Q: 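Pasting a structure below so you can have a look.
When reading the values below, keep in mind they use all heavy atoms of this one structure, side chains included, and skip hydrogens, waters and symmetry mates. Residue numbers begin at 1 in each chain, while the letters A, B, ... track the order of the sequences. Because the structure is predicted, anything quoted here is derived from the model rather than measured.
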Amino acid sequence: MLDIKYLRQNIGLVGKKMNQRGQSIDFDRFLGLDIKRRDILLAVETLRNERNDASKKIGELKKKKADASALIAEMSEVSEKIKGLDENLKLTEEELNNFMLMIPNIQHESVPIGQGSEDNPILRSWGEKPVFSFEPKAHWDIGENLNILDFTRGAKIAGARFTLYRGAAASLERALINFMLDLHTGEHGYTEVLTPFIVNRESMIGTGQLPKFAEDLFKIEGMDYFLIPTAEVPVTNIFRDEILDEKQLPIHYVAYSPCFRSEAGSYGKDTRGLIRQHQFNKVEMVKFTKPENSYDELEKLTANAEEVLKRLGIHHRTVSLCTADLGFSSAKTYDVEVWMPGQNVYREISSCSNFEDFQARRASIRYRQEESGKVEFVHTLNGSGLAVGRTVVAILENYQQADGSVLIPKVLQPYMRGVDKLLSPKA
RNA sequence: GGAGAGAUGGCUGAGUGGUCGAAAGCGAUCGCCUGCUAAGCGAUUGUACGCCCCUAAAAGGUGUACCGCGGGUUCAAAUCCCGCUCUCUCCGCCA
């Protein structure tokens, strides 16, 4: 959510920024609601003030056993007026609030202006595309040939976009989760948290999934609960409605969680393989920082995500999302894209964002400045470290061998009881 | 699922219709005092929104709201009534 005072005073600038993101906002409606709200507020507060004064007098009169009936009758009328105005105010505030909740964040000045993902500049690249003496296969073929990924059975059990892992694939997924958590907690200074995977509506509003993107979420029928689409939601909401001490910042959390996404609107897209699933595992890093440090922290966060792929020895590159490609809540986002030789494409495997105070304002996460005593919104950031299913894909495709086997990167072998090569359970 | 108890400021905890944004204690901050330390003394110590002031922000002034959340009664609600949520205790069930 944007700061309403800022919006009021910088309508033109915000409009321009929104246009760069391919959004347009009905600012006349905003200004109308904003003025209406303040008008009603002023009127109702004036009446309340009058009533508060009169009520005090009534109390005094009654104490003196004097007659207060005239004043009481008068205030009875005032109260009726207040009631009417209050109702009006509530409706107006609701409307204004809903309006504010639908406005995306303002992008940072360093965000490149563009029309789509093709305009995302490549900032850096690590490693090389592997060279194969044979035609590299896509992971769905590798996984099925090895009998470790079972898309048919996954679909039978649940439906399209669900996969059954068997044997070494299941073990690899688990190894990756532990490897990533150990790296981020042991070397990058994050504290591990394990959260609920179901959250309430307030949490979804806090991080920006609601109210605008309800169709992307799985909702529990008959209850106001949602399956999390990312650990970002429960982790960021840990401090919702709290005022932190400046001393506590920065806070760095890392969490494993499954992620559930309805993938509404992506029918027919990435239907094969593990790329786009209704349920996938992810290790997520979340930071709470002071405003002045958040962009430094974003660089570090992104480097932490890249480090996972470096340790795994997989070629990847990092892009800066342009204005058109930026997510709703984000002020700036870096995507880490991993090379998938079996599909001959780069795939997003991590998305690292600085939300500045956008989520903090929605979720009311603040901190008290030690020197001035002032209360200020924190900045929140998060990034995948990494999407686990897609990492499995990257390993299968990048480390596949001519005989159909797949080598296991060295750093993972201790997590796989020393296994260095995936072989078919049948073999 | 059944029975009961509770939710007040950073914390503990008082407060059953008006003088309560809320006692007291603890903590914290500032100052005083005493060679140092400890103790003592004094002051300050929530958040949001509006209006005034102001080029703007801050500061200042002023008002309103907030005692788990939402309604209701009343001139007036932390206090009375209704609904909800959460926490705790006991019983039952359960990974």
Side-chain angles (χ1 to χ4, degrees), chain A residues 1-14 30-101 194 196-206 220 222-226 234 237-249 291-292 357 360-378:
Chain A
M1 193 151 63
L2 303 182
D3 178 1
I4 195 163
K5 284 181 204 156
Y6 180 84
L7 179 57
R8 207 180 275 152
Q9 284 162 10
N10 300 278
I11 287 268
L13 179 65
V14 175
F30 165 74
L31 287 172
L33 282 170
D34 185 47
I35 288 169
K36 188 178 171 194
R37 170 181 167 267
R38 281 184 290 162
D39 283 349
I40 301 171
L41 194 61
L42 188 61
V44 80
E45 287 191 351
T46 306
L47 287 177
R48 278 223 177 85
N49 181 224
E50 192 184 322
R51 185 178 71 183
N52 286 347
D53 287 347
S55 289
K56 252 178 221 168
K57 269 185 215 146
I58 291 167
E60 285 161 22
L61 287 173
K62 289 214 161 183
K63 210 177 227 171
K64 285 187 270 178
K65 306 254 188 234
D67 177 44
S69 55
L71 205 48
I72 288 175
E74 200 184 315
M75 285 310 110
S76 185
E77 261 173 58
V78 170
S79 277
E80 280 307 304
K81 270 191 218 162
I82 290 174
K83 215 175 186 177
L85 286 171
D86 254 343
E87 240 161 79
N88 213 334
L89 180 65
K90 202 177 146 189
L91 290 174
T92 308
E93 282 188 331
E94 227 163 74
E95 207 179 327
L96 186 61
N97 195 244
N98 287 338
F99 185 89
M100 294 300 291
L101 287 175
L194 185 62
F197 301 148
I198 293 175
V199 299
N200 58 30
R201 181 174 296 273
E202 288 70 37
S203 292
M204 285 295 188
I205 290 173
I220 308 290
M223 285 187 260
D224 212 23
Y225 282 139
F226 301 84
N237 277 282
I238 288 173
F239 297 114
R240 175 154 48 83
D241 294 321
E242 292 192 32
I243 299 174
L244 303 167
D245 286 333
E246 184 173 343
K247 274 182 252 160
Q248 292 175 262
L249 300 175
E292 60 267 31
D357 62 6
R361 184 171 286 107
R362 287 177 161 246
S364 190
I365 307 168
R366 295 172 293 173
Y367 76 104
R368 192 179 302 281
Q369 291 178 344
E370 217 166 357
E371 219 166 289
S372 64
K374 271 187 63 185
V375 174
E376 202 57 67
F377 288 109
V378 302

Q: For nucleotides 45-64 of chain B, read 5' to 3', which letter fits each nucleotide if B means a protein heavy atom sits under 4.0 Å from the base, S means only the sugar-phosphate is that close, and - means neither?
A: -SSSSSS-----S-----BB

Q: Could you tell me how far apart A:E77 (CD) and B:A76 (P) are, to the nearest whole angstrom?
A: 13 Å

Q: Distance between the C1' atoms of B:U45 and B:G70, in whole angstroms?
A: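 It comes out at 32 Å once rounded to the nearest Å.
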
Q: Applying side-chain contact (heavy atoms from CB on, under 4.5 Å), can you list everything that pairs with A:I11, at least two apart in sequence or on another chain?
A: A:L7, A:F27, A:F30, A:L31

Q: In whole Å, measure the gap between the P atoms of B:A78 and B:U8 for me.
A: 16 Å

Q: With rounding to the nearest 0.5 angstrom, report the CG to CZ distance, A:N49 to A:R51.
A: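 A:N49 CG to A:R51 CZ: 11.0 Å, rounded to 0.5 Å.
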
Q: Look up atom OG in A:S364 and atom CE in A:M1, then write down how far apart they are to the nearest 0.5 Å.
A: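 Answer for the OG-CE pair, A:S364 versus A:M1, is 9.0 Å.
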
Q: Mind checking the P distance from B:U89 to B:U29? Whole angstroms is fine.
A: 35 Å

Q: Among A:K374, A:R368, A:Q369, A:E376, find the one that has a side chain to side chain donor-acceptor pair (under 3.5 Å) with A:S372.
A: A:Q369

Q: For the CD1 atom of A:I243 and the CD1 atom of A:I365, what is their distance to the nearest 0.5 Å?
A: 12.0 Å

Q: Using modelled atom types and a 3.5 Å cut-off, is there a donor and acceptor pairing between side-chain atoms of A:E246 and backbone atoms of A:E370?
A: yes

Q: Between B:C81 and B:C54, how far is it from one C1' atom to the other, in whole Å?
A: 48 Å

Q: Would one find more than 12 heavy atoms of other residues, nucleotides or ligands at under 6.0 Å from atom CZ of A:F99?
A: yes

Q: Sequence neighbours excluded, which residues qualify as side-chain contact (heavy atoms from CB on, under 4.5 Å) partners of A:D3?
A: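 In terms of side-chain contact (heavy atoms from CB on, under 4.5 Å), with neighbours along the sequence ignored, A:D3 is linked to A:K5, A:Y6, A:R361.
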
Q: Going 5' to 3' through nucleotides 66-75 of chain B, assign each nucleotide B (protein heavy atom under 4.0 Å from a base atom), S (under 4.0 Å only from sugar-phosphate atoms) or - (no protein heavy atom that close).
A: -----S-S-B

Q: Using atom P in both nucleotides, what's the gap between B:G31 and B:U37 to the nearest angstrom?
A: 14 Å

Q: Could you measure between the two P atoms, the one in B:C86 and the one in B:G50, and give it in whole Å?
A: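 After rounding to an integer number of Å, I get 32 Å for this pair.
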
Q: I'd like the P distance from B:U34 over to B:G27, given in whole Å.
A: 24 Å

Q: Under a cut-off of 3.5 Å for both distances of each Watson-Crick or G-U pair, what dot-bracket string does RNA chain B give, using [ ] for crossing pairs and | for inter-strand pairs?
A: ((((((((.[[[..)..(.....]]]((((((.......))))))(((((((.......))))))).[[[[[..)....]]]]])))))))....

Q: Can you tell me how far the CG atom of A:L41 sits from the NZ atom of A:K36, to the nearest 0.5 Å?
A: 13.5 Å

Q: May I ask you to decide if A:S203's main-chain N or O and A:N200's side chain share a donor-acceptor pair within less than 3.5 Å?
A: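 Checked: pair present.
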
Q: B:G6 and B:A22: how far apart are their P atoms, nearest whole angstrom?
A: 26 Å

Q: With sequence neighbours excluded, give me every salt bridge (Lys or Arg N to Asp or Glu O under 4.0 Å) pair touching residues 60-81 of chain A.
A: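 Those involving residues 60-81 of chain A do not exist here.
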
